[in-house]
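For ligands, and for the atoms within them, numbers begin at 1 and follow the listed sequence.
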Amino acid sequence: MLEAAAATIRRGGLVAMPTETVYGLAADATDARAVARIFEAKGRPRFDPLIVHVDRIERALHLTGQWPQAAHQLAEAFWPGPLTIILPRGDSIPDLVTAGLPTVAIRMPAHDWALELIRRADRPLAAPSANRFGHVSPTEARHVVGDLGSSVDLVLDAGPTACGIESTIVMPGEAGSVVLLRPGAITTERLEAVLGRKVAFPPAEPRSRGITAPGMLARHYAPRIPMRMVGLDAEVVYRPPGAGEWGLISPARVQHEGFAVAELLSPDGDMAEAAMRLFGTMRKLEEMSLDGLLAVAAPQGGLGGAINDRLRRASTE
Ligand code: TXA
Ligand code: MG
C-alpha cells in the first residue's frame, strides 16, 4: 500500500496520509500542478500556504536558506513530532506552496507511515489537513472520505490519530525569540522548557491577508450547526441557551441538564484524551440534526489553550 501511495505521489497524485495529529492531504511539494490539486480538492483559497512534511533534517535544510539556533533546538527536542517551524524559504518549492510568502512551514511528523511515504516517494510532501476548507479536521480515514471523496487518489487508513489536534506552529524571530502562530499538540510550557525563555505572541487580531499566518482565519474547524462557547465554571449547571434540541461538548466534566446529548471529552480531566476526541465528537454531533451546540472551555494551561483555540474558531458567535 505504501509503495502504491509513493507511486501516486511521484505521478502527481493526492494521498491522504495519517500523521500523529490529523490526516493530511499530501502531494509532491516540488510539483506545482500536484499542489494545485490540493487547493482544488479542499476548496482552499490560494492565499493560505501549506505545511511541507519531511522525513529527515537534510530534507528540511534543503527547503530553507536558514537554520537558526532556535530551529535547531526545537527540531532536536520535538521532531519527529507535532511542531511546525516557519523559516525563510529556499527556491526548491513552487510559490503556490507558500502562497508567495518568503517563508516556508516545515514539519517532521511522528508517524511511521507518513515518514515511510516521504522516504519512498523521495520528495518533501505538502499536506494540509485533509478536510474541506473551514470544516473540522479529520482524525479518522472515514472523515477524509466523507469530506473529499473521489478527489483523493488513495487513502491510507491507519486508524484514529493519536493527538487529535494539529501541530503547534512557531516562527523563530529576532534575537533568539520564538513566536507562537498556532497553539497545538506541543504545549507552550514544553516549548518554553526547551527554549529556556517565554514564547512571544503575534500582534492581536484582526488578522488580515498577507500577514505572517494568513490561514489563521477567525472562523475555522467549524461543524455544520451553530455553536456557542462559554467559560468553564465548576459551580455552574449548564443548560441549553435556546429552544430546541441542543448538544453539549465539554473537554472536562461539568454539571448540566436539559441537553439532547452531552459529550464530556475527558471525565477524568485528561486534556490529551479530550484533544484526541475533540474533532471526532464535533463531527458526530453535527450529524445528529441538533439545533445547536454549546461548547464549554477547557481548563487553562497545557493542551487547554489549543483546545480552546479550536472551540473558539468553531463557534459562530
Ligand atoms: O498537524 C498539522 O499541522 C496538520 C498535519 C496534516 O501535518 N496540518 C495542518 O495543515 O494542520 P493546515 O494546512 O490545515 O494548517 C497549516 C497552517 C495554516 O493555517 C497556514 O496558514 C499555516 O499553517 N502556514 C503555512 N505556511 C505558513 C507560512 N509560511 N507562514 C505562516 N503560516 C503558515
Ligand atoms: Mg486545516
Side-chain angles (χ1 to χ4, degrees), residues 14-27 29 35 38-39 41-55 63-64 78-90 93 95-111 113-115 117-118 124-139 141 143-144 147-148 156 158 161-173 179-186 202 207-222 275-276 279 306 309-310 313-314:
L14 300 185
V15 173
M17 71 170 178
T19 79
E20 78 281 33
T21 58
V22 300
Y23 277 77
L25 182 61
V35 173
I38 294 181
F39 285 91
K42 282 194 59 132
R44 177 172 174 129
R46 292 195 175 200
F47 63 77
D48 194 359
L50 306 177
I51 296 175
V52 182
H53 297 69
V54 298
D55 58 337
L63 295 167
T64 173
F78 298 114
W79 280 5
L83 182 74
T84 297
I85 308 177
I86 310 277
L87 292 164
R89 61 176 288 198
I93 42 168
D95 275 347
L96 197 51
V97 172
T98 67
L101 291 176
T103 53
V104 56
I106 312 176
R107 128 169 161 86
M108 189 189 294
H111 195 293
W113 292 25
L115 293 172
L117 178 62
I118 303 164
L125 296 183
S129 52
N131 50 280
R132 284 289 294 176
F133 180 70
H135 195 211
V136 181
S137 294
T139 54
H143 301 157
V144 179
D147 267 27
L148 303 178
L156 291 171
T161 58
C163 302
I165 53 174
E166 300 86 347
S167 61
T168 302
I169 304 183
V170 294
M171 180 156 78
V179 181
L180 180 74
L181 295 180
R182 177 174 75 182
I186 302 279
R207 304 167 190 279
S208 58
R209 294 177 183 196
I211 49 95
T212 13
M216 318 278 142
L217 304 172
R219 185 164 155 74
H220 214 77
Y221 310 108
M276 193 176 74
F279 288 147
D309 170 78
R310 305 310 186 269
R313 286 173 206 277

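For His53, every heavy-atom contact with ligand 1 shorter than 4.0 Å involves the side chain, none the backbone. Contact annotation: for Ile169 versus ligand 1, heavy atoms closer than 4.0 Å belong to the side chain alone. If you look at His111 next to ligand 1, there are no close heavy atoms at all, none under 4.0 Å. Contacts of Arg89 with ligand 1, taken as heavy-atom pairs under 4.0 Å, are absent altogether.
Judged by the shortest distance from any of its heavy atoms, Arg44 lies inside the 4.0 Å radius around the atoms of ligand 1.
Summarising the geometry, atom NE2 belonging to His143 is positioned 11.0 Å from atom OG belonging to Ser137; distances are rounded to the nearest 0.5 Å. The distance from the CG atom of Leu125 to the CD1 atom of Ile118 is 5.0 Å, given to the nearest 0.5 Å. Between Phe279 atom CZ and Asn131 atom CG the span is 8.5 Å, to the nearest 0.5 Å. Within the model, atoms CG of Leu83 and CD1 of Ile186 stand 6.0 Å from one another, a figure rounded to the nearest 0.5 Å.
A donor-acceptor pair is defined here as one N or O able to donate and one able to accept, closer than 3.5 Å; no such pair exists between the side chain of Thr98 and the backbone of Pro49. Arg132 contributes no side-chain N or O that, together with a main-chain N or O of Arg44, makes up a donor-acceptor pair within less than 3.5 Å.
Checking Asn131 against the Mg ion (ligand 2), every N/O/S atom stays at or beyond the 2.8 Å cut-off.
Around atom 8 (N) of ligand 1, the closest heavy atom drawn from Val179, Leu101, Ile106, Ile51 belongs to Ile51.
Set against the non-hydrogen atoms of Thr103, the atoms of ligand 1 under 4.0 Å away are 28 (C), 29 (N), 30 (N). Counting atoms of ligand 1 from 1 in the listed order, those under 4.0 Å from a heavy atom of Pro128 are 10 (O), 12 (P), 13 (O). Of all atoms in ligand 1, listed by their number and element, those nearer than 4.0 Å to a heavy atom of Glu166 are 1 (O), 2 (C), 11 (O). When each atom of ligand 1 is checked for a heavy atom of Arg182 under 4.0 Å away, the hits are 2 (C), 3 (O), 9 (C), 11 (O), 15 (O), 16 (C), 17 (C). Distances below 4.0 Å separate heavy atoms of Ser167 from the following atoms of ligand 1: 1 (O), 2 (C), 3 (O). Distances below 4.0 Å separate heavy atoms of Thr21 from the following atoms of ligand 1: 1 (O), 2 (C), 4 (C), 5 (C).
Side-chain contact between Phe78 and Thr168: absent, with no pair of heavy atoms (C-beta onward) separated by less than 4.5 Å.
Legend: residues meeting side-chain hydrogen bond (donor to acceptor under 3.5 Å, both in side chains) with Thr19, ordered by chain and number and at least two apart, are Thr21, Arg107.
A salt bridge is absent between Arg46 and Asp95: the closest approach of a Lys/Arg side-chain nitrogen to an acidic carboxylate oxygen does not fall below 4.0 angstrom.
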